Q: 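Pasting a structure below so you can have a look.
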Amino acid sequence: MHPDNEDPLDMIFARALQGTSIFLSRDVLRTEYIPDQILFRDHQLKAIGGIFSPLLTGHKPSNLLIYGKTGTGKTVVTRYVLNRLLDKTKNTNLNVAIAYVNTRIASTEYRVLTEIGRNLDLQLPFTGLSISEAFKRIAYHIKERGSKAIFVLDEIDFLIKTSGDNLLYEFTRVNELLTQNSFVTLVGISNDLRFKESLDPRVLSSLNEEEVLFSPYSVDELKAILLDRVKYAFVPGTVDESAINLCAAMAGAEHGDARRAVDLLRVAGELAERENANRVEDRHVNMAAKSIERDRILEAIQSLPIHGKLILLAVSSFKDTENTGRIYAKYTEITKRIGIEPLTQRRISALLSELDLLGLVSAPVVSRGRMGRSKKIRIAIPQETVRASLMDDETIKALI
DNA sequence: CCTCCACTGGAAACCTAGGCTC
DNA sequence: GAGCCTAGGTTTCCAGTGGAGG
């Protein structure tokens, strides 16, 4: 057999067929995966389990607020407990309904409501209804079915930041509309402790009936978690121990982020597989770190609206930092060239702040005395990445 | 210590797409 | 199908501001 002479595609298919891939199961390394056993989170597991347990006898559990940095297991533990609870109630006459919404992804009040509706098998049109109408429909749906509902609002700080606490206030009062055999319990998940400050005290006291804190994992704990996943994810002996250590160390260096550790391992595995290596080594992990960062940026840019892309292009055409006025001038020049109506400077200022938040540009506000007060704007990602990702856009392609 | 630049960022008005009612 | 309503994005308006230069 001469592998060199074979069609490369045939080889890939053959490998897949023979199951000689280094992966046993990729799914184990996906972010949505919920393991059978959760390590180092006994305390939180018991606490959350205890808080939800009244549900088993048909009583309303307390509202709950969960805190912890990204990748500390908040979402996984919550979903795990709720899944187990659903199993327990499956053969009873308790009608338990769980709605999970990530409010960073469902970024407006209305989208949060449609998402909750979807989770409860209630179709809501994606636009056209008022917030209060959508809200009433959900409440009526729960009441009619006598549901014991749990609303999990993940990354709840985003909802508060973008839309205030009006919706949350309505949620805390929804039980007044419901009858005895139906209720809604709220679970808020946040990685920012400070968001409490911007809540109405009434909302806070209602939402904060119980509180559970998730601390970051240590590097040793991360390593143990990875070793556990490796057992199910990879063919035995195909992952170097030093590669695992490196994943754990990289993820631990930030703040004990298990999601990042697992992502690194998955991407490292995929890179190793792609180059037909039979082991995952340190260098694959290093490559994975770069690849993940690059993908994050590419995705962020590609999902930008057209004006966001044009601003990015304007910013990236300067080497040094520039103030808002100069960026705006460049931006209007670009829009003229491709025949698009420019947005106002006020709007561009706001969009620049959004790009700053996304980490694509750096735009701190500085005062230059007599030279006025403005943003100090600079591109924050490699020039070549900007070009590569903007090439996808037909209207912009011609400019580059 | 005062001025004054070049915006910032809050607030309200305006616009548009799309569902609802009759 | 006309007329109404709302959410979300944008524009309009404008008071407020940090600090170098006088």
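Predicted model, so just to flag it, every value in this text is computed and none were measured. Chain letters run A, B, ... following the sequence lines, proteins first and then strands; every chain starts at 1.
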Q: For A:Y100, is the NZ or CZ atom of A:R79 found under 6.0 angstrom from the centre of its six-membered ring and inside 45 degrees of the ring axis?
A: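 Yes, a cation-pi geometry.
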Q: Reading DNA chain C 5' to 3', which nucleotide is the first, and which the last, to come under 4.0 Å of any heavy atom in chain A?
A: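 The protein-touched segment is C:dT6 to C:dG21.
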Q: Does A:R370 make a side-chain donor-acceptor contact with the base of B:dT3, cut-off 3.5 Å?
A: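 Pair found.
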Q: Please collect all salt bridge (charged side-chain N to carboxylate O under 4.0 Å, His left out) contacts where either partner lies in residues 343-359 of chain A, sequence neighbours excluded, each pair once.
A: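 Applying salt bridge (charged side-chain N to carboxylate O under 4.0 Å, His left out) to every pair that reaches into residues 343-359 of chain A, excluding sequence neighbours, yields nothing.
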Q: Which of residues 310-323 of chain A sit near DNA chain B, with a heavy atom under 4.0 Å from it?
A: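 Close to the strand are A:N323.
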Q: On DNA chain B, does the nearest nucleotide to A:S374 precede the nearest nucleotide to A:R346 from the 5' side, or the other way round? Give the residue.
A: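 Whichever sits nearer the 5' end wins; that is A:S374.
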Q: Quick one: label A:Q345 by what it contacts on the DNA or RNA (base, sugar-phosphate, nothing), any heavy atom closer than 4.0 Å.
A: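 It contacts sugar-phosphate atoms only.
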Q: Can you list the residues that meet the ring-ring contact (aromatic ring centres under 6.0 Å, His included) rule with A:Y67, with sequence neighbours excluded?
A: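 Not a single residue meets the ring-ring contact (aromatic ring centres under 6.0 Å, His included) criterion with A:Y67.
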Q: Flag the pair A:D27 and A:R30 as a salt bridge only when some basic side-chain nitrogen lies within less than 4.0 angstrom of an acidic carboxylate oxygen.
A: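 A:R30 and A:D27: salt-bridged.
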Q: Looking at A:K375, does any N or O in its side chain come under 4.0 Å of the phosphate oxygens OP1/OP2 on B:dC7?
A: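 For B:dC7, OP1/OP2 do not have a side-chain N/O of A:K375 under 4.0 Å.
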Q: Does this structure show an ion pair linking A:D393 with A:K309, if we count only N-O contacts that are shorter than 4.0 Å?
A: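 Counted as a salt bridge, because a side-chain N and a carboxylate O are separated by less than 4.0 Å.
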Q: Could A:E333 and A:K336 be called an ion pair, given the rule that one side-chain N must be under 4.0 Å from one carboxylate O?
A: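 A:K336 and A:E333: not salt-bridged.
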Q: Return a single string for nucleotides 14-22 of chain B, one symbol per nucleotide in 5' to 3' order, where B is base contact, S is sugar-phosphate-only contact and - is none, cutoff 4.0 angstrom on heavy atoms.
A: ----SSS--
Q: Indicate whether any N or O donor in one side chain lies under 3.5 Å from an N or O acceptor in the other, for A:N191 and A:T70.
A: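 Note: A:N191 and A:T70 side chains miss the donor-acceptor criterion.
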Q: Mind running a 4.0 Å heavy-atom check of residues 348-360 of chain A against DNA chain B and sending the residues that fall below it, in number order?
A: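 The stretch gives A:S349 as the residues lying under 4.0 Å from the strand, ordered by number.
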